[in-house]
Amino acid sequence: MNAKIKVGIVGATGYTGVELLRLLTTHPNVEITAVTSRSEAGTAIADYFSSLRGIYDLIFQTPDEANLNQCDVVFFATPNGIAMKEAPELLAKGARIVDLSADFRIQDIPTWEQWYGMAHACPDIVPQAVYGLCEMNRDAIAKAQIVANPGCYPTCVSLPLLPLLQQGHLKANMPLIADCKSGVSGAGRKSNVGSLLCEAGDNFKAYGIGGHRHLPEIKQTISSLQADVAEGFVFVPHLTPMIRGMHATVYLHLANNINPYDILNEFYQDSPFVDVMKPGSTPETRSVRGANICRISVQQAPQSQLWVVLSVIDNLVKGAAGQAVQNMNIMFGFDERLGLQAAPLLP
């Protein structure tokens with residue numbers, strides 16, 4: 001498929017929205033025809049985001065004005081609870097959807113409603129949604145009309161576990177611990193005291209220990225791949241004083257006498273956006289800044305049977321907008337790398 005597809009972005013004023021706009025500037029098969037924002041309707045993108053001056057001449061519109069049903073694909077970069085209300089009409093018109101919110105990620109509706117505190121507006125569509133972890137569901141994504149883009153923590157945690165779980169290498173009924181850190185942009189572009197410079201700067205803290213919304217999402221992936229492992233899963237997120245970046249340190253017990261590096265390296269050898277580093281390496285968040293890459297390394301804890309798996313992503317790219325573009329590429333039969341080939345930023 002070589003013709004340009006028409007793209008709409010709903011909720012384009014947030015961090016994931018502007019990241020989509022940035023990434024798609026270099027995509028040769030895309031024409032962005034609609035960007036929506038209720039609060040900024042009538043404002044030019046170039047006036048709202050100075051980084052995009054000279055690149056876009058589009059104006060933010062309300063969803064009703066934007067003719068989204070004429071788009072080939074619509075990205076929802078919106079808060080939870082928006083996409084599920086607008087998706088049915090777009091799907092009926094034949095548009096494809098990549099939802100960057102959590103509205104379609106969890107297949108069990110009561111579980112979703114418990115964690116997100118609202119009734120689901122279209123539970124009948126949820127079974128159609130393909131979970132958009134590209135390296136796990138590539139074939140299903142290619143046929144999907146609606147894709148649920150994974151959360152940032154679930155992406156960072158699931159990618160290093162995916163081949164080990166798929167091959168049944170984790171010990172059942174044993175602790176599986178994901179100790180994770182995220183930059184402040186993961187909280188979104190909204191007014192929040194905890195995200196203020198004077199609150200988040202020069203500070204480091206855990207949060208969501210009693211229950212984070214990404215916990216059931218990660219457990220859903222684990223359960224779908226290997227039985228009796230999700231019950232021992234523990235997830236502890238932390239907020240770090242940086243803008244972008246996410247780091248997961250995963251502690252696990254292997255059921256078989258194998259070297260996890262060999263499993264990971266073979267599994268991801270043809271995956272353009274997963275880098276399995278040499279044993280003993282320690283991936284850094286700055287090595288993926290601005291790029292759609294997950295870097296993974298493995299080490300065995302000294303004098304122990306415990307393995308330590310390290311994973312880093314840019315939470316706004318591979319953890320959000322970049323993975324969404326990767327999903328779109330797969331859905332439309334494009335080269336998976338289009339729009340995503342920029343090298344990471346350093347320093």
Side-chain angles (χ1 to χ4, degrees), residues 9 11-26 37 39-40 45-46 48-53 55-56 75 77-80 100-102 149-157 159 178-208 212-214 235-249 273 275 282-296 310-326 339-347:
I9 303 174
T13 56
Y15 290 139
T16 55
V18 69
E19 197 70 354
L20 281 169
L21 288 166
R22 180 181 74 87
L23 294 171
L24 291 173
T25 58
T26 63
S37 169
S39 62
E40 298 301 327
I45 289 177
Y48 193 75
F49 291 120
S50 58
S51 60
L52 299 176
R53 285 177 59 82
I55 298 174
Y56 288 104
F75 292 97
T78 50
N80 302 319
L100 283 80
S101 79
N149 210 59
C152 47
Y153 281 124
T155 298
C156 199
V157 172
L159 285 175
D179 182 18
C180 302
K181 286 85 178 174
S182 175
V184 183
S185 62
R189 194 170 190 251
K190 59 182 183 292
S191 178
N192 185 337
V193 171
S195 300
L196 295 174
L197 176 63
C198 291
E199 302 292 329
D202 196 26
N203 191 32
F204 178 78
K205 66 177 182 179
Y207 67 99
H212 188 284
R213 288 174 171 179
H214 285 170
F235 169 51
V236 182
H238 299 73
L239 184 67
T240 62
M242 60 184 181
I243 296 172
R244 291 173 178 259
M246 179 163 284
H247 188 297
T249 304
F273 299 117
D275 173 28
T282 51
E284 303 176 70
T285 57
R286 69 174 184 163
S287 74
V288 296
R289 187 182 298 130
N292 193 57
I293 299 171
C294 176
R295 300 198 197 276
I296 301 170
L310 308 170
S311 172
V312 297
I313 62 172
D314 184 322
N315 55 290
L316 294 178
V317 189
K318 185 58 174 169
Q323 186 154 228
V325 173
Q326 188 180 353
L340 300 170
Q341 294 169 298
L345 302 171
L346 190 71

What heavy-atom pair brings [X] and [Y] nearest, and what distance separates the two atoms?
| X | Y | answer |
| --- | --- | --- |
| Cys294 | Ile313 | CB-CG2, 3.6 Å |
| Met246 | Asn315 | CE-CB, 4.1 Å |
| Phe49 | Thr13 | CZ-O, 3.5 Å |
| Leu24 | Tyr56 | C-OH, 4.1 Å |
| Val236 | Ala206 | CG1-CB, 4.3 Å |

For Tyr207, what residues pass the ring pair (Phe, Tyr, Trp, His ring centres under 6.0 Å) criterion, not counting sequence neighbours?
-> His212
Any side-chain heavy atom of Asp179 sitting closer than 4.5 Å to one from His238?
-> yes
Can you check whether Asn292 reaches Val325 side chain to side chain, under 4.5 Å on heavy atoms?
-> no
Residue list, salt bridge (charged side-chain N to carboxylate O under 4.0 Å, His left out) with [X], at least two apart or on another chain:
| X | answer |
| --- | --- |
| Glu199 | none |
| Arg189 | none |
| Arg22 | Glu19 |

Counting heavy atoms not belonging to Arg286, are there more than 12 under 6.0 Å from its CZ?
-> no
From [X] atom [atom1] to [Y] atom [atom2], the distance as rounded to the nearest 0.5 Å:
| X | Y | atom1 | atom2 | result |
| --- | --- | --- | --- | --- |
| Ser195 | Ile243 | OG | CD1 | 12.0 Å |
| Cys156 | His214 | SG | NE2 | 12.0 Å |
| Leu21 | Ile9 | CG | CD1 | 4.0 Å |
| Thr25 | Leu52 | OG1 | CG | 8.0 Å |

Per the side-chain contact (heavy atoms from CB on, under 4.5 Å) rule, which among Asn80, Thr16, Asn149 passes with Ser101?
-> Asn80
According to side chain to side chain contact (heavy atoms under 4.5 Å, CB included), who are the partners of [X], at least two apart in sequence or on a separate chain?
| X | result |
| --- | --- |
| Pro344 | Ala291, Ile293, Arg295 |
| Thr282 | Gln299, Leu310 |
| Thr285 | Met242, His247, Val312 |
| Cys180 | Tyr153, Val157, Ala178, Phe235, Ala248 |

Could I get the full list of side chain to side chain donor-acceptor pair (under 3.5 Å) partners for Ser311, not counting sequence neighbours?
-> none
Test side chain to side chain donor-acceptor pair (under 3.5 Å) applied to Ser37 - qualifying residues, sequence neighbours left out | Ser39
Report all side-chain donor-acceptor pairs from residues 316-324 shorter than 3.5 Å, counting only partners two or more places apart or in another chain.
unit_1: Lys318; atom_1: NZ; unit_2: Glu135; atom_2: OE1; d: 3.3
unit_1: Lys318; atom_1: NZ; unit_2: Glu135; atom_2: OE2; d: 3.0
unit_1: Lys318; atom_1: NZ; unit_2: Gln326; atom_2: OE1; d: 2.8
unit_1: Gln323; atom_1: NE2; unit_2: Thr155; atom_2: OG1; d: 3.0
unit_1: Gln323; atom_1: NE2; unit_2: Lys318; atom_2: O; d: 3.2

